[in-house]
K.L.:
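One structure, pasted below without further comment.
Proteins get letters first, then strands, A, B, ... in listed order; numbering begins at 1 in each. Everything numeric here is computed off the predicted structure, so don't read it as measured data.
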Amino acid sequence: MKILVPVKRVVDYNVKIRVKADGTGVETQNVKMSMNPFDEIAVEQAIRLKEAGLAEEIIAVSLGVTQSQETIRTALAMGADRGILVETDEALEPLGVAKCLQKIAEKEGPGLILMGKQAIDDDANQTPQMLSALLGWAQATYVSKLEIADGKAKVKREIDGGLENLEIALPAVLSVDLRLNEPRYASLPNIMKAKKKPIDTMSPADLGVDVSPRLVTLKVTEPPKRAGGVKVESVAELVDKLRNEAKVI
Amino acid sequence: MSILVIAEHDNAELKPATLNTVTAAAQIGGDVHLLVAGHNCAAVAEAAAKVAGVAKVLHADAPALEHGVAENLAPVVARLAADYGHVLAPATTFGKNFMPRVAVALDVAQISEISAVESADTFIRPIYAGNALATVQSKDAIKVITVRGTTFEPAAAEGGSAAVETVDAGSEANDKVTFAGLEESSNERPELTTARIIISGGRGMQSGDNFAMLEEIADKLNAAVGASRAAVDAGYVPNDYQVGQTGKIVAPDLYIAVGISGAIQHLAGMKDSKVIACINKDEEAPIFQVADFGLVADLFQALPELSKELDKGA
Ligand SMILES: Cc1cc2nc3c(=O)[nH]c(=O)nc-3n(C[C@H](O)[C@H](O)[C@H](O)COP(=O)(O)OP(=O)(O)OC[C@H]3O[C@@H](n4cnc5c(N)ncnc54)[C@H](O)[C@@H]3O)c2cc1C
Ligand SMILES: Nc1ncnc2c1ncn2[C@@H]1O[C@H](COP(=O)(O)O)[C@@H](O)[C@H]1O
């Protein structure tokens, strides 16, 4: 089976982001960009399935600006086989992304689509569920354990009340959570090899999808700052302040 | 136009996040209808009818709806949605799981995890782990929205007297997904998202056994116990303890962080708490920057002391 892994280029999770002074968005110029951390976990899972003989080919897909190629290269260096770049300067929303991925999935016919549970820039947590609905395939979100056998996936999902077990038929769309695995680092030889792996480039229009946004961002602002930073000297002082100053205990 | 709110429940009780979502709906303006979709959940529908500000309860009952499986629930919601201007659900793992499918069925965008209502078509939502707030306007005919519970007060659970109407529960028990059991965490304490006080432990706790020190203090304060990702990853506590960008979002009156460094992703889940206290041996730890009361100390000394100090009468 083929595995499709959508990977998004986002501001690196270690970067302390800055809101643009004119309130139009978040500064992304001269900022370190990386693969969305959840997508690294998805790529790692795909590679493990391939290593276990359960998959033959891993295709990494990214939608966005030209530089999203670098994100695909990272996936190829980790062990994906080839890439697809859907290139656009449009500000993408999950619905548009899911519609493009639907077209690619219909063409490639993967048995499994592994995705991140959320992109750490828009924090939307929508695209996998939307893609699953568009394709009419089963979905399992927030997966922290995965077993594949007999054309079925057994998954554990991390939910608010604990863990949920599901058995789902393939093909399916899974979104992965932090504890599914620890992604590997690409080795230097593999980074070199990845440069030769093919990346197909196309546009949303080539796929017949209109990705124009449905939402208008009127402004982006900084959240109110906390006035923290006050230290206490002892446990007794801490308790006293909580009791008599803040009156919370 | 009326607003449809999807209730979260376990077929026996309404979950508190539903009440915060009702408040968000009321702020949008219009009659608020509450959908209780489940199996043998008449008791929940009755409880829903008592929620203040709810004009009507829609009760959909079918075996396929018992566990809130997204593939079964979304079509029921989407069919009803046609008569509404807004569809709202809590931004919990329940709501986040099925709402994007409703949006697809209606071919509209979803607005995730709103933290404020500006007007009937304009909302504020946190992005980048809450380090920026986006004000977004939707031009879609039906607005599909999930609601961050901590920024809306809960509606009163009593006081309303809405009529309960039975609606079509559909027949679409899909054959692609089988529910195979819940492993509920056996936590007797107040729920993280509704607790008035939370005490959380991080990697500094060193082991699951050491969490007993936090539990002891939690007992004295009637607090919930939470954790950082590092503590969950290390297996000290189960996943549902995790507070943060990808765990639970909490905003209690008092949040006590113990042996937690204060990474951006952890702060994302708790920086709206009214009062933050922390205990950390590294005075450079970023948690001190957001703490109203920071104590630089070894937690293995400070926690037993704290426990004793709390006994010294209020
Ligand atoms: C995509 C993504 C999502 C994430 N989501 C979350 C999330 O939802 N929630 C979350 O919490 N994290 C999340 N993280 C992880 C986050 O980046 C941090 O790694 C994590 O929060 C660190 O946990 P910690 O503070 O317990 O551990 P550390 O950073 O290791 O800090 C331990 C602290 O304990 C202190 N300490 C040690 N011993 C003692 C002692 N004896 N007495 C007092 N203090 C002591 C140390 O000084 C240190 O400050 C996420 C990361 C990524 C990449
Ligand atoms: N532009 C994109 N390119 C590739 N994958 C994406 C893109 N946007 C979202 N995804 C995938 O969808 C997941 C969830 O994203 P979101 O719904 O935006 O939170 C991500 O972890 C990716 O796997």
K.L.:
With a 4.5 angstrom heavy-atom cut-off, is it the side chain or the backbone of B:Leu133 that approaches chain A, or both, or neither?
P.N.:
both
K.L.:
So which part of A:Lys117 gets closer than 4.5 Å to some heavy atom of chain B, the side chain, the backbone, both or neither?
P.N.:
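For A:Lys117, side-chain heavy atoms alone lie under 4.5 Å from chain B.
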K.L.:
Counting heavy-atom pairs under 4.5 Å to chain B, which of A:Glu222, A:Arg18, A:Lys152, A:Lys156 comes out on top?
P.N.:
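Among A:Glu222, A:Arg18, A:Lys152, A:Lys156, the one with the most close pairs to chain B is A:Lys156.
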K.L.:
Between A:Ser234 and chain B, which part of the residue has a heavy atom less than 4.5 Å away: side chain, backbone, both or neither?
P.N.:
backbone
K.L.:
What part of B:Thr193 gets within 4.5 angstrom of chain A, counting heavy atoms only: side chain, backbone, both, or neither?
P.N.:
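Contact with chain A: none, neither part.
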K.L.:
Counting only heavy atoms closer than 4.5 Å, note whether A:Glu237 contacts chain B via side chain, backbone, both or neither.
P.N.:
neither
K.L.:
For B:Ile124, which atoms come within 4.5 Å of any heavy atom of chain A: side chain, backbone, both, or neither?
P.N.:
neither
K.L.:
Name the region of A:Val239, side chain, backbone, both or neither, that has any atom closer than 4.5 Å to a heavy atom of chain B.
P.N.:
side chain
K.L.:
Are a donor atom and an acceptor atom from the side chains of A:Gln126 and B:Arg101 found within less than 3.5 Å of each other?
P.N.:
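There is no such pair (donor and acceptor under 3.5 Å, judged by atom type) between the side chains of A:Gln126 and B:Arg101.
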K.L.:
Would you mind checking which part of A:Lys99 comes under 4.5 Å of any heavy atom in chain B, side chain (CB onward), backbone (N, CA, C, O), both or neither?
P.N.:
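It is the side chain, since no backbone atom gets that close.
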K.L.:
For B:Gln301, is it the side chain, the backbone, both, or neither that has a heavy atom closer than 4.5 Å to a heavy atom of chain A?
P.N.:
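Answer is neither: B:Gln301 stays 4.5 Å or more from chain A.
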K.L.:
Between B:Lys271, B:Glu283, B:Glu113, which has the largest tally of heavy atom pairs under 4.5 Å with chain A?
P.N.:
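Top option by heavy-atom pairs under 4.5 Å: B:Lys271.
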K.L.:
Could you walk me through whether A:Gln139 and B:Lys176 pass the side-chain contact (heavy atoms from CB on, under 4.5 Å) test, one step at a time?
P.N.:
CA-CA 9 Å; A:Gln139 93 174 27; B:Lys176 296 186 180 118; over 6 Å; no
K.L.:
Whether A:Lys231 engages the ring of B:Phe288 as a cation-pi pair (distance to the six-membered ring centre under 6.0 angstrom, angle to the ring normal within 45°) should be assessed.
P.N.:
yes
K.L.:
Answer with side chain, backbone, both or neither: which region of A:Ile17 has an atom nearer than 4.5 Å to a non-hydrogen atom of chain B?
P.N.:
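Just its side chain gets close to chain B.
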K.L.:
Quick one: what part of A:Val19 sits under 4.5 Å from any heavy atom of chain B, side chain, backbone, both or neither?
P.N.:
side chain
K.L.:
Chain B heavy atoms under 4.5 Å from A:Gln118: which part of the residue, side chain, backbone, both or neither?
P.N.:
side chain
K.L.:
Give the member of A:Val155, A:Val216, A:Asp122, A:Thr127 that has the highest number of heavy-atom pairs under 4.5 Å with chain B.
P.N.:
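Most heavy-atom pairs under 4.5 Å with chain B: A:Val216.
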K.L.:
Using the rule given for side-chain contact (heavy atoms from CB on, under 4.5 Å), can you reason through A:Glu164 versus B:Glu184, listing the C-alpha separation, both sets of side-chain angles and the distance that settles it, and then say yes or no?
P.N.:
CA-CA 8 Å; A:Glu164 183 185 78; B:Glu184 274 175 285; over 6 Å; no
K.L.:
Chain B heavy atoms under 4.5 Å from A:Leu131: which part of the residue, side chain, backbone, both or neither?
P.N.:
neither
K.L.:
Applying side chain to side chain donor-acceptor pair (under 3.5 Å) to B:Ser138 and A:Arg214, what does each step give before you reach the verdict?
P.N.:
CA-CA 7 Å; B:Ser138 162; A:Arg214 304 291 188 87; over 6 Å; no
K.L.:
At what distance, to the nearest 0.5 angstrom, does CG of A:Leu218 lie from CD of B:Gln137?
P.N.:
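Here the rounded value is 5.0 Å.
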K.L.:
So for A:Phe38, is it side chain, backbone, both, or neither that comes closer than 4.5 Å to the heavy atoms of chain B?
P.N.:
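The side chain, not the backbone.
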K.L.:
Please classify the contact of A:Ile159 with chain B as side chain, backbone, both or neither, using a heavy-atom distance under 4.5 Å.
P.N.:
both
K.L.:
What part of A:Val10 gets closer than 4.5 Å to chain B, counting heavy atoms only: side chain, backbone, both or neither?
P.N.:
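Neither; nothing under 4.5 Å.
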K.L.:
Could you go through B:Asn97 and A:Gln129, starting from their C-alpha distance and side-chain angles, then the distance that decides it, and tell me whether this counts as side chain to side chain donor-acceptor pair (under 3.5 Å)?
P.N.:
CA-CA 7 Å; B:Asn97 189 43; A:Gln129 297 90 313; 5.1 Å; no
K.L.:
Over all heavy atoms of both residues, which pair between A:Val248 and B:Val275 is shortest? Give the atoms and the distance, please.
P.N.:
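Smallest heavy-atom distance, with atoms named: CG1-CG2, 3.9 Å.
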K.L.:
Could you walk me through whether A:Glu167 and B:Phe179 pass the side-chain contact (heavy atoms from CB on, under 4.5 Å) test, one step at a time?
P.N.:
CA-CA 7 Å; A:Glu167 279 183 35; B:Phe179 176 83; over 6 Å; no
K.L.:
Please classify the contact between A:Lys225 and chain B as side chain, backbone, both or neither, with a heavy-atom cut-off of under 4.5 Å.
P.N.:
neither
K.L.:
Going through the checks in order, is the side-chain contact (heavy atoms from CB on, under 4.5 Å) test met by B:Thr135 and A:Thr217?
P.N.:
CA-CA 6 Å; B:Thr135 304; A:Thr217 300; over 6 Å; no
K.L.:
Start with the C-alpha gap between A:Asp123 and B:Arg125, add the side-chain angles, then the distance that decides, and say whether salt bridge (charged side-chain N to carboxylate O under 4.0 Å, His left out) holds.
P.N.:
CA-CA 10 Å; A:Asp123 282 334; B:Arg125 58 177 302 264; over 6 Å; no
K.L.:
Given heavy-atom pairs under 4.5 angstrom as the criterion, report whether the side chain, backbone, both or neither of A:Leu95 touches chain B.
P.N.:
side chain
K.L.:
Show the numbers, then the answer: is there a side chain to side chain donor-acceptor pair (under 3.5 Å) between A:Arg226 and B:Gln289?
P.N.:
CA-CA 8 Å; A:Arg226 280 194 82 93; B:Gln289 291 163 25; over 6 Å; no
K.L.:
Write down the atom of B:Gly130, the atom of A:Pro223, and the distance for their closest heavy-atom approach.
P.N.:
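Reported closest heavy-atom pair: O-CG, 3.2 Å.
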